[in-house]
Amino acid sequence: MSDVAARATAGFRQRYGAEPAGRWAAPGRVNLIGEHTDYNDGFVLPFALPLRTVVAAAVRDDGRWSVWSELDDEPVEFGPAEADEPGRVDGWAAYVAGVVWALRAAGHAVPGARLAIASDVPVGSGLSSSAAIEAAVLAALLDLGGLDLPAGRWPRLAQRAENDYVGAPTGIMDQSAVIRGRSGHALFLDCRTEAIEQIPFDLDAAGLAVLVIDSRAPHRHADGEYAARRKSCERAAKALGVAALRDVAAADLDAALARLDDSETRRRVRHVVTEDQRVLDTVELLRAGRVRDIGPLLTASHASMRDDFEITVPEIDTAVEAALAAGAYGARMTGGGFGGCVLALVDADAADAVAAAVAAAYADRGFTAPGTLTVRPAGGVARLD
């Protein structure tokens, strides 16, 4: 954290020749279980990561916004006209402009600002680097403007920025996790009601670790395929006469599937309904302190994503198979699919060996070497100073 915060400060000084008024940090997230259930009004269980995006910022008096990121040395500047028209600002800066747009659309007088962004959340790995930017920028602008927005409304506003300004059809999970995460806990979120429960997830006490494996697989058709899965679920819900697939109980799944005409739609529905149940089962095990016992649920989730939702790629499947063969209690892809990361629940003292086994399996298949890190649940967005 200290390094990325220092980089944000240095970037601010270099770009603007002044000191920032403050620094705000938001985490990436990993989803323990509950994939593609969020936009189906279902249940998810993410947790915030120790990886952080930091925004150093100060008020700008002319009512415009300028933003620099270490990912792109060219700063982006925009005013109210660009901020008020979705699509006018594109690329990575769209996430910043989207937050300005969402705040203004909600009736807030957003201050002009200079911002500098640094991050150690990997971009494109499925760890929610976009939501981290949104949350950190949101916190900065709220503080700089003295704006009153209850914390419970932050995730929905950040989601609007991504959905309606950037144009990415994400659910509410990512923003909820990076804003409302708590150290040592996973966030049990009902995506329909937005009710949350902090579920103890004490890996250290159990002698365990979560190994995150960056597959380094390029995202293949991710945006179009994500949208296609969402539309398929919406069509299925309509055919079944329910508001969302969350309303199909696991006990009623077979009867629901029998009412659908094609095998692909049946597979999509089966994934969502069984995944919701796996989230509920995982929560019950964690409430009881049975952390190791969630492993088979993680692995079953991956099989469902691979076979029924069809969103994995060979690199992802190889990482899961190698981690399990090396002794992981469970492993699954995490994120929207078609690339991204795998998480594996492992004994803390075996994390390096599991990581080495995955790397060896990659080498055997001729894949680009994966990245690995061990993580624990961390806190959500916060002002640093």
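- Between the CG atom in L189 and the CE atom in M173 there is a gap of 9.0 Å [rounded to 0.5 Å].
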For this session: Using the side-chain contact (heavy atoms from CB on, under 4.5 Å) rule, take H36 and Y226 through it: C-alpha gap first, then chi angles, then the decisive distance, then the call.
Result: CA-CA 9 Å; H36 288 266; Y226 182 100; 3.6 Å; yes
Exercise. Which is it for W154 and Q175 under the side-chain contact (heavy atoms from CB on, under 4.5 Å) test, yes or no, and what are the steps along the way?
Worked result: CA-CA 8 Å; W154 289 27; Q175 291 80 9; over 6 Å; no
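- In this structure a side-chain-to-backbone donor-acceptor pair under 3.5 Å is missing from R376 to S183.
- The backbone N or O of A140 lies less than 3.5 Å from no partner atom in the side chain of R383, so there is not a single donor-acceptor pair.
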Problem set entry | Chi angles and distances behind the salt bridge (charged side-chain N to carboxylate O under 4.0 Å, His left out) call for R306, D317 | CA-CA 8 Å; R306 182 191 63 214; D317 293 333; 5.2 Å; no
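- At distances below 3.5 Å, at least one donor-acceptor pair connects side-chain atoms of D120 with backbone N or O atoms of R52.
- Counting heavy atoms from C-beta outward, L49 and V121 have side chains that stay 4.5 Å or more apart.
- Side chain of Y362 to backbone of E315: a donor-acceptor contact under 3.5 angstrom is found.
- Atom CG of D62 sits in a crowded spot, with more than 12 heavy atoms from other residues, nucleotides or ligands closer than 6.0 Å.
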Exercise. Between C191 and D41, does a side-chain contact (heavy atoms from CB on, under 4.5 Å) hold up when you go through it step by step?
Worked result: CA-CA 5 Å; C191 295; D41 280 2; 5.5 Å; no
Problem set entry | Trace of the salt bridge (charged side-chain N to carboxylate O under 4.0 Å, His left out) decision for D38 with R230 | CA-CA 10 Å; D38 55 351; R230 185 166 186 161; over 6 Å; no
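- Taking 4.5 Å as the limit, every side-chain heavy atom of V96 sits out of range of all side-chain heavy atoms of W65.
- Taking 4.5 Å as the limit, every side-chain heavy atom of V381 sits out of range of all side-chain heavy atoms of V178.
- R156 contributes atom CZ, which lies 4.0 Å from atom CD of E194 (distance to the nearest 0.5 angstrom).
- The backbone N or O of G340 sits less than 3.5 Å from a side-chain atom of S215, completing a donor-acceptor pair.
- The line from CZ of R268 to OG of S263 is 9.0 Å long, rounded to the nearest 0.5 Å.
- In terms of heavy-atom proximity, V320 sits nearest to M333 at CG2-N, 4.2 Å.
- Of all the heavy atoms in R278 and S301, the pair that sits closest is NE-CA, 3.5 Å.
- Shown here are the side-chain contact (heavy atoms from CB on, under 4.5 Å) partners of D164, two or more places apart in sequence or in another chain: W101, R160.
- A distance-only check finds a donor-acceptor pair linking the side chain of E275 to the backbone of G34 [under 3.5 Å].
- Taken from CG in L187 to CG in L45, the straight-line distance is 8.0 Å, to the nearest 0.5 Å.
- Here R104 pairs with D84 in a salt bridge; the nearest charged N to carboxylate O distance falls below 4.0 Å.
- A distance-only check finds no donor-acceptor pair linking the side chain of D252 to the backbone of A255 [under 3.5 Å].
- Considering T299, D293, D347 in turn, D347 is the only one that fulfils the side-chain hydrogen bond (donor to acceptor under 3.5 Å, both in side chains) rule with Y329.
- Put simply, the side chain of E82 gets close to the backbone of G79: a donor and an acceptor are under 3.5 Å apart.
- The distance from the CD1 atom of I117 to the OH atom of Y95 is 12.0 Å, given to the nearest 0.5 Å.
- No donor-acceptor pair closer than 3.5 Å links the side chain of R7 to the backbone N or O of E70.
- Contact between Y165 and A94 at its shortest, heavy atoms only, is CD2-O, 3.6 Å.
- Remark: the backbone N or O of S66 is paired with a side-chain donor or acceptor of Y16 at under 3.5 angstrom.
- Closest non-hydrogen pair, A109 versus L147, comes out as O-CD2, 3.5 Å.
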For this session: Test salt bridge (charged side-chain N to carboxylate O under 4.0 Å, His left out) on R267 and D307 and set out the steps.
Result: CA-CA 8 Å; R267 291 197 303 274; D307 301 334; over 6 Å; no
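- Here the closest non-hydrogen pair linking C233 and V272 is SG-CG2, 3.9 Å.
- Looking at F43 and D190, their side chains come closer than 4.5 Å, going by heavy atoms from C-beta outward.
- Taking each heavy atom of Q198 and I196 in turn, the nearest pair found is NE2-CD1, 4.2 Å.
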Problem set entry | Audit row: E225, R229, salt bridge (charged side-chain N to carboxylate O under 4.0 Å, His left out) steps and yes/no | CA-CA 6 Å; E225 294 289 355; R229 297 303 186 279; 2.7 Å; yes
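- Taking 4.5 Å as the limit, every side-chain heavy atom of T53 sits out of range of all side-chain heavy atoms of S129.
- For E197, the side-chain contact (heavy atoms from CB on, under 4.5 Å) criterion is met by F188, I199, R287, not counting sequence neighbours.
- Heavy atoms of other residues, nucleotides or ligands lying less than 6.0 angstrom from CG of D202 number more than 12.
- Side chains of T318 and R365: a donor on one and an acceptor on the other come within 3.5 Å.
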